[in-house]
Amino acid sequence: MADSSPETQLETPPAAMLETPLAALHRELGGRMVPFAGYSMPVQYPAGIMAEHLHCRAAASLFDVSHMGQAELVGEGAAAALERVTPADVQALKPGRQKYGLLTTDDGGILDDFMVANLSERLFLVVNASRKHVDLPRIESALPAGVTLKPLPDRALIALQGPGAVAAIATLAPGIAELPFMGVGAFNIAGVAALVSRSGYTGEDGVEVSVQAEQAEGFARALLALPGVQPAGLGARDSLRLEAGLCLYGNDIDETTSPVEAALTWTIGKRRRMAGDFPGAARVAQELADGAKRLRVGIRPEGRQPARGHTPIHAPGGAAIGEITSGGFGPSLNAPVAMGYVAREHAADGTSLDLMVRGKALPAVVAPTPFVPHRYAR
Amino acid sequence: MSEPKFTKDHEWVRLEGGIATIGITDHAQNALGDVVFVDLPEIGREVTAGEAIAVVESVKAASDVYAPIAGKIVEVNGVLADNPGTINSAPTTDGWFFRIEAADVAEVAALMDEGAYAAFVDTL
């Protein structure tokens with residue numbers, strides 16, 4: 001038996017693999033540690049990916065996402081400054097609210113996806129671990145005098161996700177239950193000063209909580225002690241986000257894909273689209289006018305066989321029309337799920353496709369996402 | 001039934017009357033995680049030792065399974081199509097993959113015994 005999947009081919013660990021503040025806790029919990037974006041991270045715990053995934057959909061799961069980049073942007077005109085590198089309408093973001101956006105390249109590719117929260121006197125940013133070394137200099141380069149970007153490497157980020165997540169954490173800080181979806185607030189949780197946003201990457205209700213690194217382990221232990229809370233690793237995080245139809249940077253979006261191709265046009269503020277005042281605006285305008293040549297779509301393979309990333313997509317019995325960018329097995333659907341890019345004329349829901357898995361055509365159809373309905377608080 | 005033999009690709013082989021039953025080891029199923037799909041070879045196919053002839057897919061990864069010996073596929077485990085999780089719950093019994101009519105039973109004898117395999121796993 002040998003691993004033939006690109007997603008899990010482990011590179012030789014670099015000498016200096018980074019660890020999150022929860023590394024000791026992961027080992028204590030039996031986490032199977034793998035290299036991810038330069039960090040040693042738990043891909044799963046003894047329960048396994050399937051059980052961890054299903055537990056999150058049924059109760060509440062704790063994920064360590066401390067590898068992600070956190071930063072704050074301070075100063076008069078911070079929102080306008082950030083708009084120089086993103087098509088998101090940051091200036092319209094109200095205090096106590098968060099939104100999802102894209103950083104774009106000058107030629108209209110996606111530099112990263114990120115979250116930005118308005119904390120009144122500052123903006124709070126969360127970017128991908130694998131991209132923070134690119135994002136932060138890019139943002140920095142766009143700042144006028146008086147606006148400063150402050151990386152927050154000494155903060156941990158812990159996600160508690162699932163239908164029971166908010167009820168569980170609200171036993172420690174009742175105000176969290178009042179947060180709307182994409183609402184943000186500061187709370188004292190089990191004696192720890194925490195920045196809480198009602199958001200996540202699973203399609204379930206839940207929160208992401210930023211705390212000081214030195215308090216992270218005690219905080220995580222307090223959450224794990226709550227009824228119904230179990231730890232979940234990166235494996236379950238990936239299958240949950242895939243079922244929820246959410247993009248993974250580096251798989252589904254990158255510097256070659258545009259916001260329009262990625263079906264993320266909704267992240268571009270209307271005012272921004274009209275003004276065309278963001279990097280890559282020309283490509284976005286052209287693709288909105290003429291249609292993108294390819295589009296990101298959801299894909300449901302027939303049967304039980306998964307189609308992994310980089311699987312070629314053909315028209316039935318015909319020519320190559322695209323490629324899978326994320327694919328695996330959806331435990332909640334008990335069926336394989338995937339997403340990928342196809343030529344626009346093959347992008348309508350219900351269109352038949354052939355996925356070329358190990359040289360054989362696996363029939364599939366274009367399907368709407370999310371595959372599993374989102375259950376965000378509204 | 002003879003004592004099982006093992007390969008460095010984490011397959012077990014049990015020879016009985018010239019027919020070798022093959023599956024993956026407990027170490028392998030544990031490393032792979034929850035199995036969701038198995039692609040098995042066609043009955044009657046002639047295989048050579050070391051040839052990738054089956055694929056086992058977990059939630060996260062796809063892995064090849066190799067023919068540990070040369071011969072002809074005479075049976076595959078039909079239970080796995082509907083219950084691939086049997087590979088996790090009973091890897092060395094009900095979770096077997098396929099049976100090969102050995103071209104040369106001496107090939108089986110040349111594989112690792114249980115102790116040698118355990119020592120090999122310890123080096124990983």
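Remember, predicted model here, so these are calculated numbers, not experimental data. Residue numbers start from 1 in every chain, and the chains themselves are labelled A, B, ... in the order their sequence lines are given, proteins ahead of strands.
Of all the heavy atoms in B:S58 and A:R308, the pair that sits closest is O-NH2, 2.6 Å.
Of all residues spanning residues 298-305 of chain A, those with a heavy atom less than 4.5 Å away from chain B's heavy atoms are A:R304, A:Q305, arranged by number.
Proximity to chain A (any heavy atom under 4.5 Å) is restricted, for B:A81, to the backbone atoms N, CA, C and O.
Each salt bridge (Lys or Arg N to Asp or Glu O under 4.0 Å) pair with one or both residues in residues 28-53 of chain B, not counting sequence neighbours, appears once here: A:K360-B:D39, B:R45-B:E51.
A salt bridge does not link B:K60 with A:E52: every distance from a Lys NZ or Arg NE/NH1/NH2 to an Asp or Glu carboxylate oxygen is 4.0 Å or more.
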